[in-house]
Amino acid sequence: MKPARTRFAPSPTGYMHVGGVRTALFAWLLARQTGGQFILRLEDTDKAREVVGSGQHIIDSLHWLGLDWDEGVDIGGPYGPYLQSKRLPTYKAWAEKLVAAGRAYADPYTPEEVQAFREQAQAAKQPFLYRNHRPEHPPVWDGSRPLRFKSDPKAYTWHDAVMGELHAGPEAIDDFILMKSDGYPTYNFAHIVDDLLMHCTHIIRAQEFISSVPNYLNLYEALEIERPVLATLPHILGPDGKKKLSKRDGAKDLLDYAHEGFLPEAMINFLASMGWNDGTEQEIFSVAELLQTFSLERVQKAGARFDEQRLIWMNGYHIRELPLDELYTKVGSFWPPEAKNATDEYKKQVLALVQERLKYFAELPALTAFFFADLPLNPKLWQTNKQLKKVEQHELNALLEQAKITLAASDFSNEDLTKRLNNLLEQTSQKPGVLFSLIRIATTQAPASPGLADTLQVLGKDTALRRIDAMLAAL
RNA sequence: GGCCCCAUCGUCUAAUGGUUAGGACACCGGGUUUUCAUCCCGGCAACCGGGGUUCGAAUCCCCGUGGGGUCACCA
């Protein structure tokens with residue numbers, strides 16, 4: 001496959017949400033798997049909506065995911081600048097070319113007049129087409145008025161790398177605005193100029209642009225330029241399956257997932273599996289595997305719902321796959337505050353025990369707090385436990401006393417603990433459900449914990465016996 | 001409303017004219033000497049409807065229906 005030059009071109013109007021970032025992922029995958037380049041361009045032509053800091057936020061999000069770019073706003077490149085607001089003379093020059101060719105004209109109407117046309121059309125239940133009001137003798141364009149494209153409406157059939165053959169009639173084409181009266185180009189104009197000048201081979205974007213493509217096709221013709229490969233991705237829908245995922249409807253900031261302790265490789269796996277698969281039954285993909293097998297042709301045409309449950313499962317899966325040392329490094333500062341003075345070695349032992357039940361790092365404190373500090377006695381645990389609530393208090397007390405003696409004799413190696421615990425089971429002729437639950441609750445005061453012998457071993461003798469005493473006093 | 005796109009279990013999806021329509025998530029059972037989790041086993045659960053074409057249709061065609069997008073000096 002020929003090297004693809006793809007770009008991700010968001011507008012800095014807010015944080016990155018998971019819907020938008022999939023577009024970046026697919027573009028990045030295509031560039032990387034073909035040995036091409038990936039470009040980050042910022043489309044900051046809407047100064048009214050621009051959110052300060054969101055450009056950096058987008059960069060941070062991509063960094064977190066591990067999507068790197070060869071040219072872009074922050075690092076420059078041979079076809080820069082990559083910030084549209086710094087390219088105004090370029091757009092002006094191309095606009096003037098269109099004016100000179102008689103393919104663009106100044107819009108003589110006031111916004112109110114255009115709005116009146118629009119309402120007229122709406123009242124008549126017709127789509128609004130500006131060109132129905134195209135002025136016969138437009139004023140000279142001096143930049144104070146919007147510049148409109150003088151379209152040449154016709155029917156098009158074109159190929160989309162994802163959607164296949166697409167069609168539209170002349171009614172889909174209109175005299176859209178190229179340059180706004182504030183001197184900035186519209187997206188519709190700027191992206192075409194930039195993609196040409198930056199030699200992009202593929203335009204990968206979301207579905208909402210599909211109805212504008214005939215306009216772009218018409219503009220490519222007017223500009224007499226070759227168009228890149230077009231690839232339209234289906235929407236990612238919100239959990240209700242209705243509308244496309246949007247910030248309004250609670251789409252989370254991508255970095256929120258970072259802060260909750262999701263793994264970038266899990267996020268990438270999840271994002272890729274929404275709307276793409278390789279045709280096999282494989283669910284788990286590493287980035288390297290995605291680079292092997294990804295193709296636009298196998299991207300789904302229908303929208304996909306964002307199912308956070310699936311993301312959580314996938315994240316847990318990737319966590320379990322990690323070697324302990326690597327996981328330990330990644331877990332970083334997610335430990336509970338009580339772990340502040342714990343040694344790396346101790347924390348690693350704890351981590352090894354909870355690795356298989358950790359779905360995302362933010363769960364770590366709840367899962368491990370009792371390893372670092374005595375939790376307050378929680379009578380509910382033994383009062384409501386399915387097995388224990390059937391046993392008399394004094395009997396529990398006696399059992400726990402025996403357990404204490406047994407444990408006091410142990411060297412607290414895993415083998416010895418297991419052996420003595422089993423012996424105790426026989427001596428007391430108790431069900432493990434009763435005896436082990438009791439000891440587990442006594443030594444952890446937690447609703448859940450890893451296996452008993454493992455937990456006791458890591459906790460150590462002193463802590464275990466101290467906690468048993470505390471519970472004994474409360475029984 | 002015009003135009004455009006889409007349509008398989010609740011969800012993500014496989015199937016490219018011939019399968020008991022497969023897998024995964026979630027959920028529900030059971031097992032792995034306690035809990036939670038992992039792992040294993042099992043269960044639940046889908047081709048939007050109607051017409052064609054064909055020996056044969058989830059797959060091709062048409063018509064409905066449903067959902068989505070778009071019709072901005074936003075991208």
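Order of the sequence lines fixes the chain letters, A, B, ..., with proteins taken first and strands second; residue numbering starts at 1 for each chain.
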How many Å lie between [atom1] on [X] and [atom2] on [N], as a whole number?
X	N	atom1	atom2	answer
A:Leu351	B:U38	CG	C1'	15 Å
A:Asp160	B:C4	CG	P	16 Å
A:Leu353	B:U38	CG	C1'	13 Å
A:Arg357	B:U35	CZ	C1'	9 Å
A:Asp278	B:G22	CG	P	19 Å
A:Phe436	B:U32	CZ	P	14 Å
A:Leu417	B:U33	CG	P	18 Å
A:Lys386	B:C36	NZ	C1'	13 Å

Do [X] side-chain atoms and [Y] backbone N/O form a donor-acceptor pair below 3.5 Å?
X	Y	answer
A:Gln349	A:Val458	no
A:Gln445	A:Met471	no
A:Glu119	A:Ala116	no
A:Asp454	A:Pro450	no
A:Arg7	A:Ile39	no

Answer yes or no: side-chain N or O of A:Asn385 and base N or O of B:U35 forming a donor-acceptor pair under 3.5 Å.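 Looking at the base of B:U35, it does not pair with any donor or acceptor on the side chain of A:Asn385 (distance under 3.5 Å).
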Over 60° means perpendicular and under 30° means parallel, so tell me whether A:Phe306 and A:Phe270 are parallel, tilted or perpendicular.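 It falls in the perpendicular class, over 60°.
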Mind checking whether A:Phe294 and A:Phe26 have parallel, tilted or perpendicular rings, split at 30° and 60°? tilted
Using the [atom1] atom on both, measure [N] against [M] and round to a whole Å.
N	M	atom1	value
B:A14	B:A58	C1'	12 Å
B:C5	B:G64	P	15 Å
B:A15	B:G23	P	15 Å
B:C62	B:G43	P	40 Å
B:A75	B:G69	C1'	14 Å
B:U59	B:G49	P	10 Å
B:C41	B:C4	C1'	48 Å
B:A21	B:C3	P	39 Å

Residue that, paired with A:His191, satisfies ring-ring contact (aromatic ring centres under 6.0 Å, His included) out of A:Phe8, A:Tyr216, A:Tyr220: A:Tyr216
Earlier contact from the 5' end, RNA chain B, for A:Leu452 and A:Trp313: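 The residue whose closest nucleotide sits nearer the 5' end is A:Trp313.
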Along RNA chain B (nearest heavy atom to each residue), the more 5'-positioned of A:Arg22 and A:Gly451: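 The 5'-side residue here is A:Arg22.
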Counting only side-chain N and O atoms of A:Asn277, is one of them less than 4.0 Å from OP1 or OP2 of B:U13? no
For B:C39, take OP1 and OP2 only and decide whether either is under 4.0 Å from a side-chain N or O of A:Arg320. yes
With [X], which residues qualify under side-chain hydrogen bond (donor to acceptor under 3.5 Å, both in side chains), at least two apart?
X	result
A:Asp174	none
A:Ser85	A:Asp44
A:Gln56	A:Asp60

Quick one: side chains of residues 396-405 of chain A, donor-acceptor pairs under 3.5 Å with protein atoms, not counting sequence neighbours, listed by atom name and distance.
from, atom 1, to, atom 2, distance (Å)
A:Lys404, NZ, A:Asp469, OD1, 2.8

Name the pairs: protein N/O against N/O of nucleotides 5-12 of chain B, kept only if under 3.5 Å.
from, atom 1, to, atom 2, distance (Å)
B:U11, OP1, A:Arg305, NH2, 3.2
B:C12, OP1, A:Arg305, N, 2.9
B:C12, O2', A:Ser273, O, 3.0

Among residues 426-435 of chain A, which contact RNA chain B at a heavy-atom distance under 4.0 Å?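 Under 4.0 Å from RNA chain B: A:Pro432, A:Gly433.
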Interface residues of residues 364-374 of chain A with RNA chain B (non-hydrogen, below 4.0 angstrom):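 The answer is none.
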Who pairs with A:Phe209 by ring pair (Phe, Tyr, Trp, His ring centres under 6.0 Å), at least two apart in sequence or on another chain? A:Tyr187
Give none if [N] has no partner; otherwise give the nucleotide forming a Watson-Crick or G-U wobble pair with it, both distances under 3.5 Å.
N	value
B:C3	B:G69
B:C27	B:G43
B:U32	none

Once base and sugar-phosphate atoms are separated, protein heavy atoms under 4.0 Å mark nucleotides 70-75 of chain B, 5' to 3', with B, S and - as SBBBSB
For A:Arg205, report the nucleic acid contact type (base, sugar-phosphate, nothing); a contact means any heavy atom under 4.0 Å. nothing
Would you mind classifying the nucleic acid contact of A:Pro234 as base, sugar-phosphate or nothing, using non-hydrogen atoms under 4.0 angstrom?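 Nothing: the residue A:Pro234, judged by heavy atoms under 4.0 Å, touches no strand.
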Per the side-chain hydrogen bond (donor to acceptor under 3.5 Å, both in side chains) rule, what does the pair list look like for residues 120-133 of chain A, sequence neighbours excluded? A:Asp107-A:Tyr130
Using the side-chain hydrogen bond (donor to acceptor under 3.5 Å, both in side chains) rule, collect all pairs that involve residues 315-324 of chain A, keeping only residues at least two apart or in two chains.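 Qualifying pairs, neighbours excluded: A:Asn269-A:His318.
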Please list all pairs passing the salt bridge (Lys or Arg N to Asp or Glu O under 4.0 Å) test where one or both residues lie in residues 204-217 of chain A, with sequence neighbours left out.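 Residue pairs with at least one partner in residues 204-217 of chain A: A:Glu208-A:Lys244.
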